[in-house]
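Taking it in order: structure first as structure tokens, then the write-up.
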There are 2 protein chains.
Amino acid sequence: MSTLSGDNRIPRYIRLADSIKQQVIAGVLRPGNLVPSENELSLFYEVAPGTVRQALKELVNEGLLQRVQGKGTYVRRPDFDRSLFRFFKFLGGSDGTVVPDSKILSISVKSAPRHVCGSLSLKKNAKAIYINRLRKLENCPVLVEQIWLSEARFKPLLTLSKNEFGPLLYPIYEKKCNAIVACANEDLTIETASSKTAEALGIERNQAVVVIDRLALGFDERPLEWRRSYGRADQFHYQVDIR
Amino acid sequence: MSTLSGDNRIPRYIRLADSIKQQVIAGVLRPGNLVPSENELSLFYEVAPGTVRQALKELVNEGLLQRVQGKGTYVRRPDFDRSLFRFFKFLGGSDGTVVPDSKILSISVKSAPRHVCGSLSLKKNAKAIYINRLRKLENCPVLVEQIWLSEARFKPLLTLSKNEFGPLLYPIYEKKCNAIVACANEDLTIETASSKTAEALGIERNQAVVVIDRLALGFDERPLEWRRSYGRADQFHYQVDIR
DNA sequence: TAGTGGTCTAGACCACTGC
DNA sequence: CAGTGGTCTAGACCACTAT
């Protein structure tokens, strides 16, 4: 048995929701885990079942939890299917659900540029893990990526050889570094290709490219990864629903 | 007094929410209007107050209603502040909240191209209202727009002179044509500028431009307006939060 | 059959708004 | 002050899942 901590002026259902969220952040509850039932929670926290329901509903709306009737409430595993890179549509009528091949070009430790230090909350000129990656679809290069990670947090990656990386990095972060990406912020602009980028993408220098800067965050909203992706503008396609 | 209509297997709170939504679609309740109080609704529909709350909460989550403690529940007026055109950020450190000037270049009735007929549910080769508009910020052209509207629905616009249009069209649709835009779908791609577009935007031919196709819908989800906007790619900037 | 979440009821009390 | 929505309680009954 326990009592809800925190300011009594804050509604119980919010304090309860925060408490559950903290357990997800702390890793006590992990994605895929079953959350205690409404009944258990209402007994443990000494609140009415309705209040528990309200708290859980909040977290479901936030996307942190998932409820399945007859089974229980689960910690949701975030999927990045909606990520911008999925909005590249390519010749051959891809339905957009294909994950591009991914080839690690290099992985090393070096001084991070200032904007990366800022984004990842690192000290100025701190060393960080740098990954350069090329992604292809049907053997055609579609995306080059520059990825930066805190050295301390992601050290285990340095023990892996290039071909031990699969097509997706986030599952590796979770397995090897215990770092779960919960959400991200992406930022899209359009530039002209540098000769290096153009070469990697198989286009002419000065052709337009889409630049996507992404900052990936953990459940505690602390930054985990910063990446910049370059893609061919002529293959880019993005949809938004407003309201 | 009344009883909730519809299939009894559907939860009451959903039937209630649908009923209120229908009244918004039908124009019985209009944006800004006060919705009857929880008490009134629970008496009128003969359901428990808690069920009314649940229905209203659904509609608030959907963005159709707004609740203000101590005052009441209102039909929400959709704002297009989040629309993509706001994501053009321009030299001079605009904070993005500025509405560009807008100049109607032409307004006429002509045969709509096939894709417009499809989007607006018009018959093939139907006549429609066509508006060509230029938008400037600090006297610098930033967007050229091609706008298509059903002739029947938007006939009152044809009686206006070009300078009677303000910087925003949607308030005019609402006032003059009783057409309220509730939501929209936008579609972003990147092309190279035609000579005509380049001239309007003050850039070179074949430079990259952002193309935004937007289909605006009413509360009943029927299409109201189709527009294509061209903007300078070098000034484009877009942000998304994932999850 | 037992346990889960989903719906629904019928209240109590509080905080905020407007008069 | 009366009326609104916001929080909280304490149940009842149902639908779904697992065993």
Side-chain angles (χ1 to χ4, degrees), chain A residues 1-21 23-24 29 32-77, chain B residues 1-21 24 29 31-77:
Chain A
M1 227 170 291
S2 151
T3 310
L4 271 178
S5 57
D7 192 333
N8 276 337
R9 292 168 302 185
I10 296 172
R12 295 187 192 179
Y13 76 97
I14 291 178
R15 275 145 52 202
L16 210 179
D18 284 344
S19 168
I20 294 170
K21 195 173 185 174
Q23 293 179 52
V24 176
L29 291 168
N33 284 179
L34 193 58
V35 176
S37 74
E38 295 183 3
N39 205 345
E40 290 174 288
L41 289 171
S42 90
L43 292 174
F44 183 79
Y45 285 101
E46 300 175 310
V47 294
T51 305
V52 174
R53 299 188 65 79
Q54 205 174 348
L56 294 178
K57 193 162 189 181
E58 286 291 311
L59 295 174
V60 169
N61 286 341
E62 251 186 67
L64 191 70
L65 303 182
Q66 240 177 335
R67 314 195 75 183
V68 184
Q69 188 177 117
K71 297 180 80 173
T73 304
Y74 296 87
V75 180
R76 185 145 166 278
R77 185 174 297 278
Chain B
M1 232 170 286
S2 152
T3 311
L4 271 179
S5 57
D7 192 334
N8 277 337
R9 291 169 303 184
I10 296 171
R12 293 187 195 180
Y13 77 96
I14 290 178
R15 275 145 53 204
L16 208 180
D18 284 344
S19 169
I20 294 170
K21 195 174 187 175
V24 176
L29 291 169
N33 284 179
L34 193 58
V35 176
S37 74
E38 295 183 3
N39 203 347
E40 289 174 290
L41 289 171
S42 90
L43 293 174
F44 182 79
Y45 285 101
E46 298 175 310
V47 295
T51 306
V52 174
R53 298 188 66 79
Q54 205 174 348
L56 293 178
K57 194 163 189 179
E58 286 291 312
L59 295 174
V60 169
N61 286 341
E62 251 186 67
L64 191 69
L65 303 182
Q66 240 177 333
R67 314 195 77 183
V68 184
Q69 189 178 117
K71 297 179 81 173
T73 304
Y74 296 87
V75 180
R76 185 146 167 280
R77 187 174 297 279

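Excluded from the calculations below are hydrogen atoms, water molecules and symmetry mates; all remaining heavy atoms, backbone and side chain alike, are included. Below, chain A is the first sequence line, B the second, and so on; all start at residue 1.
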For T51(B) and Y45(B), does a side-chain donor sit closer than 3.5 Å to a side-chain acceptor? no
Assert: residue with more 5' nearest nucleotide on DNA chain D, out of G70(A) and N39(B), is N39(B)
The single option from L16(A), I20(A), D18(A) passing side chain to side chain contact (heavy atoms under 4.5 Å, CB included) against L59(A): I20(A)
Measure from the side-chain heavy atoms of S37(B) and tell me the nearest of dG5(C), dG5(D), dT9(D). dG5(D)
Without decimals, in angstroms, what is the distance between E38(B) CD and dC8(C) C1'? 15 Å
Of dT4(C), dT9(D), dT7(D), the nucleotide closest to the side chain of T51(A) is dT9(D)
Separation of atom CG in L41(B) from atom P in dG5(D), rounded to whole Å: 8 Å
Could you check which of dG6(C), dG5(D), dT9(C) has an atom nearest any side-chain atom of R67(A)? dG6(C)
Shortest side-chain distance from R12(A), nucleotide among dT9(C), dG5(D), dT9(D): dT9(D)
Without decimals, in angstroms, what is the distance between I10(B) CD1 and dC14(D) P? 19 Å
As a test of reading the structure: which of dT9(D), dC16(C), dG5(C) is closest to the side chain of Q69(B), going by heavy atoms? dC16(C)
Locate the shortest heavy-atom distance separating K21(B) from L64(B); write the atom from each residue and the value. CG-CD2, 3.8 Å
What's the closest nucleotide to the side chain of A48(B) if the choices are dT7(C), dT9(C), dT4(D)? dT9(C)
Winner on side-chain proximity to K71(A), out of dT7(D), dT17(D), dT9(D), is dT17(D)
Quickly work out the Q54(B) CD to dT7(D) P distance and round it to whole Å. 15 Å
Does a side-chain N or O of T73(A) approach OP1 or OP2 of dT4(C) to a distance below 4.0 Å, or not? no
Between dG3(D) (C1') and E40(B) (CD): distance, integer Å: 10 Å
Nearest of dA15(C), dG5(C), dT7(D) to any side-chain atom of R53(B)? dT7(D)
Side-chain heavy atoms of L65(A) within contact of V75(A), under 4.5 Å: yes
Round to the nearest Å and state the distance from L16(A) atom CG to dC8(D) atom C1'. 13 Å
In whole angstrom, what separates N8(B)'s CG from dC14(D)'s C1'? 14 Å
For R53(A), check side chain to side chain contact (heavy atoms under 4.5 Å, CB included) against everything at least two apart and list the hits. E38(A), R67(A)
Measure OH/Y45(A) against P/dC8(D) and give the value in whole Å, please. 15 Å
